Amino acid sequence: MENYLQNSLREALAGLGLDESQMPEIRIEQPRDPSHGDAATNVAMLLAKPLKRNPRAIAEELIASLDLDVTKISGVEIAGPGFINFRYSDLYLYEELRLILNAGSDYGKSKHNHDIRCLVEFVSANPTGPLTVGHGRNAVLGDTVARLLEWTGAEVQREYYFNNAGRQMRMLGLSVQARYLEIAGADFSFPEDGYEGNYIRDIAEELFHERGSELTEQPDEKVFREKAEEVIFRDIQSTLKRMHIEMDSYFNERTLYENGSIDHVIRTFRERGVAYDKDGAVWFKTTAFGKDQDTVLVKSTGEPTYRLPDIAYHADKLDRGFNLCLDIFGADHIDTYPDVLRGLDVLGYNPKLVDVLVYQFVTLVKEGKPFKMSTRKANFVTLDELMDEVGEDVTRFFFLMRSPNTHLEFDVAQAKEAGEKNPVFYLQYAHARIQSILRKAGEISTPSGEPDLSLLTHEAEISLIKKLLTFSDVIHSAAQNREPHRLITWLNELASAFTLFYHDCRIIGVDEELMFARKTLAEATARVLANGLGILGIHAPERM
RNA sequence: GCGCCCGUAGCUCAACCGGAUAGAGCGUCUGACUUCGGAUCAGAAGGUUGAGGGUUCGAAUCCUUCCGGGCGUACCA
């Protein structure tokens, strides 16, 4: 419909003597106020300045030369400072409504991004502890944006990037070793910066159970580190699975050392004159790109900083043929990714193929006070604990309902009493209620053949249909902006439009032709609710 | 200090690329069907969009100054 209106307007403008260069961008939007029609454009206002004419006069001429199909558009009017408002014809609405049920679980899918091969990198927590509510936002955002992209036709791969070497992992191994020695009754000293969580003790106990005290003489922490990694990764994967997140691939940072990518980056940087040695370290000349300071790529100890493998990793993704690399980052990484982009540019890759979704942090509130989370200090609430309390659906919903760009306040106590207050139930309830009605209505015989949808003339029926028809638009806009909360807002509006219909229009107990038509509308609504909840990774229940 | 993000109703948040009278939920108050699920619905109260200035037909949205909060500004990740 949007395309249709744009094309018609473009033709009309051409008819007024405008050539390509004068043609403004024709945007069709949905007016906030339904009395302004179903679609509107501001082209006349955009033309007012270049043509030096009154926008309303332009709009009038434009309308006069518009040639619109009456089976689609039933009315056009000029309003306000020069908006042109269109009203859809009922015939068009009935036709589109029929398409919803034909498309079924595919309804809402589009091909907007059919040319995109995207790798979404998210979670990417190193295996030093269980996933916490701090990781939750990342995990759910990444997965949902991936789903949104899939619904707009993109090919998507979900990847988890991790590093199982380095200081933190060593510390983890030492922590487990200390607990193991403690359990075995041997001398031990807990490392100063060790991991204090109870899960460390659990891992040590598991190890003791399997191997007895034969490991007390181990010279280093290797065995313990490897065991910890194995157990923690298993735990992380089960948490993800519980959240309906399935990774397609796991990428170990070590690969980049083994296949020479890291060396290649350094070598190329030196050749291009953007890397140099100073004080025993290798530096990236980021001042040349407008940064205050140059950045260390390889420390004087010979160990690279995380930026170097990051650059190599992104080059690797592009080498694998993806034309969109989407990273899901917390606000603390906001300053690091420009270095990656610059690095890619130096290497000859197109940095525009990398896109970063930066989300603001989750503030954990405990007993009314903000609470600083730390995996090492064991100050955290795990995602599993959260799901035990409020369930998987509420957990996902919670992380999606707000714009990634705003801080998310997470009050533990409030989440626990979430129950009825939680808006996710409003959506699920609407779906369950429709299913209940359909079950009851199914026991009553309906006329055979196609329903006569033209019987749907009530205001509540019409506005419900109109709402349904904007489903794929909202998916598209949520995908393009990487903002899943838009879909939630929209689903709330849909559920609300349905409830209005439910209160005004009975399905059971009216004339059987009308019942058939209304049943069809209810079915279409349930379909769209289920599809929408599915994108959010939330269950659409038959009963509650 | 510098950089990025944020500031909207009592609270938590919306507002699609600058559009028409800034909207929801929770909370508060007043009401509603003897039939399809009351986990519902209708209505009321609640706002100088942090403050000032600017840009234009039009600003919560863009620019600028200030105030307040978060994050970063490591040879940590």
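Everything numeric in this text was worked out from a predicted model, so none of it was measured. Every chain is numbered from 1, with letters handed out A, B, ... down the list of sequences.
Among the heavy atoms of the strands lying under 4.0 Å from A:S403 are primed sugar atoms or P, OP1, OP2 only; no base atom is included. Using a 4.0 Å heavy-atom criterion, one finds that A:N85 contacts the bases of the nucleic acid, with or without backbone contacts as well. Counting any heavy atom pair closer than 4.0 Å across all strands shown, A:M45 reaches a base atom. If you check every strand for non-hydrogen atoms under 4.0 Å, A:S300 touches a base. Note on A:A331: only backbone sugar-phosphate atoms sit closer than 4.0 angstrom, heavy atoms only; bases stay farther off. Counting any heavy atom pair closer than 4.0 Å across all strands shown, A:Q293 reaches sugar-phosphate atoms only and no base atom. Here A:A40 lies in heavy-atom contact (under 4.0 Å) with a base. Counting any heavy atom pair closer than 4.0 Å across all strands shown, A:A79 reaches a base atom. Backbone-only engagement by A:H485 is indicated by non-hydrogen atom pairs under 4.0 Å involving sugar-phosphate atoms exclusively. At the heavy-atom level, A:D473 lies nowhere under 4.0 Å from the strands shown. Residue A:L500 is classed as a sugar-phosphate contact, given heavy-atom separations below 4.0 Å to backbone atoms only. Residue A:R486 is classed as a sugar-phosphate contact, given heavy-atom separations below 4.0 Å to backbone atoms only. Base engagement by A:I507 is indicated by at least one non-hydrogen atom pair under 4.0 Å involving a base atom.
Positionally, the nearest nucleotide of RNA chain B for A:S436 lies more toward the 5' end than for the other of A:S436 and A:E303.
Under the 90° criterion around 0 for the glycosidic angle, B:C16 counts as anti.
Taking atom C1' on both nucleotides, B:A20 is separated from B:C4 by 34 Å, rounded to a whole Å. Nucleotides B:A32 and B:C57 place their C1' atoms 46 Å apart, quoted to the nearest Å. Distance check on atom P: B:C13 versus B:A9 gives 11 Å, rounded to whole Å. Nucleotides B:G46 and B:C26 are separated by 14 Å at their C1' atoms, to the nearest Å. To the nearest whole angstrom, the two C1' atoms, one in B:G70 and one in B:G50, are 16 Å apart. Nucleotides B:A22 and B:A44 are separated by 15 Å at their P atoms, to the nearest Å. If you take atom C1' in B:A45 and the same atom in B:G27, they sit 12 Å apart, rounded to whole Å. Nucleotides B:G43 and B:G58 place their C1' atoms 33 Å apart, quoted to the nearest Å.
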Inset, instruction - Go through the steps for A:N138 and A:Y359 under the test side chain to side chain donor-acceptor pair (under 3.5 Å), then give the verdict. - result: CA-CA 8 Å; A:N138 186 305; A:Y359 60 91; 3.2 Å; yes
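Across B:C41, B:G37, B:C5, the shortest atom-to-atom separation from the side chain of A:N405 is found for B:C5. The side chain of A:T336 approaches B:A77 more closely than any other nucleotide in the set B:C17, B:A77, B:G37. Between B:C36, B:A20, B:C5, one nucleotide has an atom nearer to the side chain of A:Q360 than all others, and that is B:C5. Out of B:C36, B:A15, B:U40, the shortest distance to the side chain of A:R506 is found at B:C36.
The salt bridge (Lys or Arg N to Asp or Glu O under 4.0 Å) test with A:E493 singles out one residue from A:K467, A:R486, A:K466, A:R32, and that residue is A:K467.
Aromatic rings of A:F498 and A:F501 (six-membered ring for Trp) have centroids within the 6.0 Å cut-off, being under it.
Between A:R32 and B:G19 there is no side-chain N or O to OP1 or OP2 distance below 4.0 Å.
Using a 4.5 Å cut-off on side-chain heavy atoms (C-beta onward), A:T286 and A:V274 make no contact.
The pairing partner recorded for B:C2 is B:G72, the criterion being a Watson-Crick or G-U wobble arrangement whose two distances lie under 3.5 angstrom.
Using a cut-off of 4.0 Å between Lys/Arg side-chain N and Asp/Glu carboxylate O, A:K291 and A:D339 are scored as salt-bridged.
Whole-Å rounding puts the A:Y502 OH to B:A42 P distance at 14 Å. Computed from coordinates, the A:I58 CD1 to B:C57 C1' distance equals 12 Å when rounded to whole Å.
Aromatic stacking of A:F361 on B:G70: not satisfied for centres closer than 5.5 Å together with planes under 30 degrees.
At a cut-off of 3.5 angstrom, the base of B:G72 holds no donor-acceptor pair with the side chain of A:D332. Put simply, the side chain of A:Y306 and the base of B:A77 share a donor and an acceptor less than 3.5 Å apart.
Aromatic ring pairs are classed by plane angle as parallel below 30°, tilted from 30° to 60° and perpendicular above 60°; the pair A:F380 and A:Y199 is tilted.
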